[in-house]
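Everything below concerns the one structure shown next.
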Amino acid sequence: MNAFAVLPVIMAGGSGTRLWPLSRALYPKQFLALNGPQTLFQQAHLRLQSLASQDIAVAAPCVVGNEEHRFLVLDQLRELKSAPESLLLEPAGRNTAPAVALAALQAMAGGQDPILVVTPADQTVTRPEAYTAALQTAIRVAAQGDIVILGVTPDRPETGFGYIKASDLAADGAGTVQAFVEKPNLATAQGYLAEGGYYWNSGMFVMRASRWLAALKKFRPDIAEATQASFDVRTTDEVFVRPGKAEFLKVPSESVDYAVMEQCPRQPDAGFSVRMVPLDAGWSDLGAWDAVWQVSGHDEAGNAVEGDGLIQDSRNTLVHATSRLVAAVGLDNVVVVETPDAVLVADRSRSQDVKHVVAKLQSAERTEGSLHRRVHRPWGWYDSIDMGPRFQVKRIMVKPKASLSLQMHHHRAEHWIVVSGTAEVTVGDKVLLLSENQSTYIPLGTVHRLVNPGAIPLEIIEVQSGSYLGEDDIVRFQDNYGRSS
């Protein structure tokens, strides 16, 4: 018996605004470690690779994301000693239906028609064995031509999720979806729980690539045709696949549910059956800080602490500290999240409203909405540890064998002090090799470059001085990562 060919598709383009300040637009929640040593994205990858069995052959993943996160994806997969089959870079956000269409087109580009297992990158489960068993069942059902969705067995009357109404399970382990239901009010959710037969919509689904494209063409031919036009003019750079930008901007924005899933049971004569496999695996979408509290370990008073936190005389409270001691006294049902440049204090029941804070930050053009103090770059990261009028101090880490661009600044000079590792420094027409405790000076307007030629991370302290210290005061002459500014 030939094994079913499975292509995992990880949807990694979300922004995670409700988990601010830990999640930022340029470092969103899927790339954070919120409930263990691995990030949510890494957990998703490892869970999908665990699906392999005698009759299921699992390929390297196809990741759908955006340009700003491409090196985060590669770095986090490298940590797991893995690499993607492809990394589809959306030119703009167009919701999940076009994103899955891109993945299906990429999957079929080589003449194959694998079974796609599509999952968001920002979910978690506490019982991975149950997750594996449910998805393996879904793969075997999808191999027969059905579209299969995973429905989470509800354990409370949740108002934050959409629901699936499904028939009893057949012999193959799947029920038939009768309807998709929007997020209910509390009374309706309580009724669903009491009646049974209703499941949370997990956003995970399984089907052959050709089956998805056929369903999209049937129900939303405008999305299918516009996405195909963008894919047809794609460019490829190693694992990076970039659909045509001008063409993709014409693609209507729509979710998988609205575009296809909800249409299938409404139009049974169209010939697309949606089946559902129940998932009872301690699933959470970690959509807000309340969800993080729910999956965390609790003390006898229901409190959860991550990092250097102390809680006194408090109940059902979450403290998440990243850079310093956080102490909480006399709190009830509160979330406290600390990062080096921002602190959130919120009623846990109102944690969904954190997205409004992010919206205000963005409208005010404050960087705290999109960047952490530590900013990740393809070559490593920098952390602005102090600043004032006409000066800024940064701690910089450069990965082994990585290089910053050959560049110059119009308005600032720089002093570099090596803390650890070895630095190869270009200053004008000179090339210097510096080791620990050695330093150099980069005069204003001088072309320069920093390279780590060694096998261990390079760390330096950079002191900038000048009339303007913004990140946009940079002219790049050469760059290994395709950046022009």
Side-chain angles (χ1 to χ4, degrees), residues 5-14 16 19 22-23 26-53 56-89 99 103 106-107 114-136 139 203-204 206 237-241 281-286 292 295 306 372 374 376-381 397-402 452 455-457 481:
V6 168
L7 176 65
V9 178
I10 305 177
M11 309 290 282
L19 286 183
L22 204 59
S23 176
L26 294 181
Y27 208 95
K29 70 169 181 173
Q30 58 266 32
F31 301 113
L32 299 173
L34 292 172
N35 64 335
Q38 279 99 25
T39 69
L40 299 181
F41 171 77
Q42 289 173 324
Q43 289 178 32
H45 169 68
L46 292 171
R47 285 197 300 269
L48 290 167
Q49 294 302 308
S50 74
L51 300 178
S53 66
I56 296 173
V58 181
C62 171
V63 182
V64 185
N66 63 50
E67 190 83 14
E68 287 83 1
H69 302 153
R70 66 194 188 280
F71 292 106
L72 285 175
V73 169
L74 293 183
D75 284 348
Q76 295 204 351
L77 287 175
R78 285 192 194 107
E79 288 178 8
L80 301 177
K81 296 180 171 53
S82 182
E85 182 274 336
S86 57
L87 178 47
L88 285 160
L89 301 175
Q106 175 69 18
I115 297 169
L116 306 183
V117 177
V118 181
T119 180
D122 56 0
Q123 301 180 347
T124 188
V125 300
T126 58
R127 296 189 293 279
E129 298 84 2
Y131 169 93
T132 298
L135 264 180
Q136 287 175 337
I139 290 166
M204 290 183 279
V206 184
D237 173 18
E238 295 183 350
V239 298
F240 299 134
V241 179
W283 172 91
S284 175
D285 72 341
L286 294 181
V292 175
V295 301
E306 179 68 32
H372 283 281
R374 176 177 288 189
H376 290 261
R377 290 288 187 251
W379 43 261
W381 51 257
M397 186 281 288
V398 185
K399 301 172 190 174
K401 309 302 180 184
N452 179 1
I456 64 172
Y481 312 104

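Start at 1 with the first residue, then count along the sequence. Everything quoted here is computed from the prediction, not taken from an experiment.
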Can you find a heavy atom in the side chain of Leu40 that is under 4.5 Å from one in the side chain of Leu34?
yes

Measure from the side-chain N and O atoms of Asp237 to the backbone N and O of Val241, and report whether any donor-acceptor pair falls under 3.5 Å.
no

Could you check if a side-chain atom of Leu88 sits within less than 4.5 angstrom of a side-chain atom of Cys62, using non-hydrogen atoms only?
yes

Output for pair (Lys399 NZ, Phe71 CZ), nearest 0.5 Å, gives 8.5 Å

From the options Gln76, Gln49, His45, select the one residue that forms a side chain to side chain donor-acceptor pair (under 3.5 Å) with Ser82.
His45

Ile139 CD1 to Leu116 CG distance, which is reported to the nearest 0.5 Å:
10.5 Å

Between His69 and Phe31, what is the ring plane arrangement, given parallel below 30°, perpendicular above 60°, and tilted in between?
perpendicular

Looking just at side-chain N and O atoms, do Thr132 and Ser50 make a donor-acceptor pair shorter than 3.5 Å?
yes

Evaluate the side-chain proximity of Glu85 to Gln106: yes if any heavy-atom separation is below 4.5 Å, no if none is.
yes

Donor-acceptor contact below 3.5 Å, side chain Asn452 vs main chain Ala402
no

If you round to the nearest 0.5 Å, how far is CG of Asp122 from CG of Asp285?
7.0 Å

With the side chain counted from C-beta on, respond yes when Met204 and Pro120 share a heavy-atom pair under 4.5 Å apart, and no when they do not.
yes

Heavy-atom closest pair (Pro84 atom, Val239 atom, distance to 0.1 Å) is O-CG1, 3.9 Å

Between the side chains of Asn35 and Gln43, does any donor sit under 3.5 Å from an acceptor?
yes

Counting N and O atoms only, with roles assigned by atom type, does the side chain of Lys29 sit under 3.5 Å from a partner on the main chain of Leu286, one being a donor and the other an acceptor?
yes

To the nearest 0.5 Å, atom OH of Tyr131 lies from atom CG of Leu48 at 4.0 Å

Taking the side chain as everything from C-beta on, heavy atoms only, tell me whether Val58 gets closer than 4.5 Å to Pro8.
yes

Rounded to the nearest 0.5 Å, how far apart are CG of Leu87 and CD of Glu67?
9.0 Å

Can you tell me how far CZ of Arg47 sits from CG of Leu135, rounded to the nearest 0.5 angstrom?
9.0 Å

Any non-hydrogen side-chain atom of Tyr27 less than 4.5 Å from a side-chain atom of Leu22?
no

